[in-house]
Structure formats: structure tokens, C-alpha cells
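Below is one structure, written out as C-alpha cells, with a few remarks after it.
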Amino acid sequence: DAKTTQPPSMDCAEGRAANLPCNHSTISGNEYVYWYRQIHSQGPQYIIHGLKNNETNEMASLIITEDRKSSTLILPHATLRDTAVYYCIVRGYQKVTFGTGTKLQVIP
Amino acid sequence: KAGVTQTPRYLIKTRGQQVTLSCSPISGHRSVSWYQQTPGQGLQFLFEYFSETQRNKGNFPGRFSGRQFSNSRSEMNVSTLELGDSALYLCASSTEQSSMAEAFFGQGTRLTVV
């Protein structure tokens, strides 16, 4: 079965870039990488997704390695409101595999 | 516009009973997907519907079922409830056929089985 692994927790100083890694070494060629975050007691919130190329939007950047076995979500200037659990998700046509999530704590 | 609405928000059921949870997607969204979240197993994909057709199903027993109506509203049903079914059940809607693409989640239904 596909495995998506993430570090359980990370700290980041406010205003600095937060780099959240995800390992998805068993990803298939047609599977996308998605990132969502969940702030306590709320439903997950979409951040970004990609297939092969790096992606950027107003919230974050997604860097996918050339072999696609890992990716990094980058929050360029973390704020206290970015404190949340971040989920890396691999999604194919028939399968959705969630990572265990990284609890990001942004420190003032 | 209104977000994804899940009802009820909280539910307590007894082992052996069955339960139906409801999800109203954002207007115009035709894709609805369901997820289970527990402290032990984390987030797990249940199933996904697009235009009333189940497109994908996660690795859950047949006690878990769902359907989508012509207005895109969806329901999921769990029969013969077990203690381990206690969880937060989340619904998400999307305009895309790929339900994860820019999906919007509801607040969830917290089911407690006693």
C-alpha cells in the first residue's frame, strides 16, 4: 500500500519560512500530491496541489522532487494563524492516501 | 455563498444501531467526498460521488455506504454500529471530478458510539 509519511511536529518563528516535508516514495505516475491544513475543530482547508512541476499560489509553494518521491510545502512568511496540522495527501484515480500530518507551531 | 453543511453536528448512538449523516455541498459543486477522522487512524477516505455516481471507495467494510441525490446532496449510512466507528465524519465538495482538487470541507459530524 502507498505510504505517505510526515514528521509529527515542527516549530517555525513568525515571519520566517516554514518548510514542511512529505515522503511519498511509492507514488505512481498519475497520482497527485495535495496539501491541506486543519486548524483545531475545523474542517481541512485546501492549500495547493501538483503532479510533477513546482506550484505556487497566494498561500504557499509546493516543491516536488524530480523522482516525485517527496515534496515540500513552503509557507514563505509564517504567521501565528498558520499554526495548524498540515496533511500531505496522495491522490490517484482509485486511491486517496493521507499522511499522518505535521503539527506546525508558529512561535512569536 | 453558503459553505458545506453537515447535519447533525453531534450524534450519540448505541452499538448495533444504524446512522445516516447528511451533507449539503456548496451550490454548483457536483463532487462530494466523505472522510473519517479518528485519533488513532487519522484521516481516511471513505467514498466519493460525482453526479450521483460513486466514483471511488476507500478500504472500509460494507457497513459503510453512501449515495448522492440529483441536487448533489449526499448521505452516508453506517449500519450495525461498532464502538470503533466513533469518529469525526467529514464531507467535502468540489466542482472538479477529482474530489480533492480545491475541495471545501464541512465542519463534520462527530459520532459517538456507546
Side-chain angles (χ1 to χ4, degrees), chain A residues 1-9 22-24 26-53 55-60 62 64 71 73 84-103, chain B residues 2-7 9-10 21-26 29 31-50 53-60 64 66 74 87-110:
Chain A
D1 278 353
K3 285 198 177 292
T4 304
T5 57
Q6 301 176 252
S9 63
C22 178
N23 184 290
H24 32 78
T26 59
I27 193 170
S28 300
N30 60 353
E31 291 180 324
Y32 283 75
V33 178
Y34 289 82
W35 283 83
Y36 277 73
R37 70 182 182 185
Q38 188 173 28
I39 297 170
H40 184 62
S41 79
Q42 297 182 17
Q45 176 192 22
Y46 169 80
I47 301 173
I48 199 167
H49 74 282
L51 180 63
K52 296 179 184 177
N53 301 320
E55 302 287 345
T56 295
N57 63 20
E58 63 278 5
M59 286 184 69
L62 173 60
I64 302 175
S71 61
L73 177 75
V85 178
Y86 288 76
Y87 291 97
C88 172
I89 305 155
V90 172
R91 206 261 192 229
Y93 180 67
Q94 296 281 345
K95 197 168 51 178
V96 179
T97 305
F98 283 85
T100 49
T102 296
K103 182 171 173 54
Chain B
V4 178
T5 304
Q6 292 188 245
T7 56
R9 289 291 311 279
Y10 302 92
L21 311 181
S22 179
C23 173
S24 294
I26 291 172
H29 285 194
S31 176
V32 173
S33 51
W34 289 88
Y35 306 85
Q36 182 196 64
Q37 187 171 29
T38 61
Q41 299 296 320
L43 274 162
Q44 294 182 281
F45 169 71
L46 277 159
F47 25 66
E48 165 188 54
Y49 291 87
F50 183 82
T53 301
Q54 186 180 88
R55 296 181 67 85
N56 287 306
K57 190 176 192 304
N59 190 25
F60 278 81
F64 291 81
S74 178
L88 179 67
Y89 289 89
L90 291 159
C91 161
S93 77
S94 170
T95 57
E96 302 292 328
Q97 289 196 27
S98 169
S99 64
M100 293 299 308
E102 301 184 56
F104 292 83
F105 279 78
Q107 294 278 70
T109 294
R110 184 162 298 281

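We name chains A, B, ... by the order of the sequence lines, and we start the count at 1 in each one.
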Residues B/Q54, B/E48; criterion side chain to side chain contact (heavy atoms under 4.5 Å, CB included); working and verdict: CA-CA 6 Å; B/Q54 186 180 88; B/E48 165 188 54; over 6 Å; no
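- Both the backbone and the side chain of B/L43 have a heavy atom closer than 4.5 Å to some heavy atom of chain A.
- Residues A/I89 and A/V96 are in side-chain contact: their nearest non-hydrogen atoms beyond the backbone lie under 4.5 Å apart.
- Every residue was checked against the side chain to side chain donor-acceptor pair (under 3.5 Å) condition with B/Q41, not counting sequence neighbours, and none meets it.
- Considering only residues two or more places apart in sequence or on other chains, B/S22 meets the side chain to side chain donor-acceptor pair (under 3.5 Å) condition with B/R73.
- In this structure, the portion of A/Y87 lying under 4.5 Å from any heavy atom of chain B is its side chain and not its backbone.
- No part of B/Q6 comes within reach of chain A, as not one of its non-hydrogen atoms sits under 4.5 angstrom from that chain.
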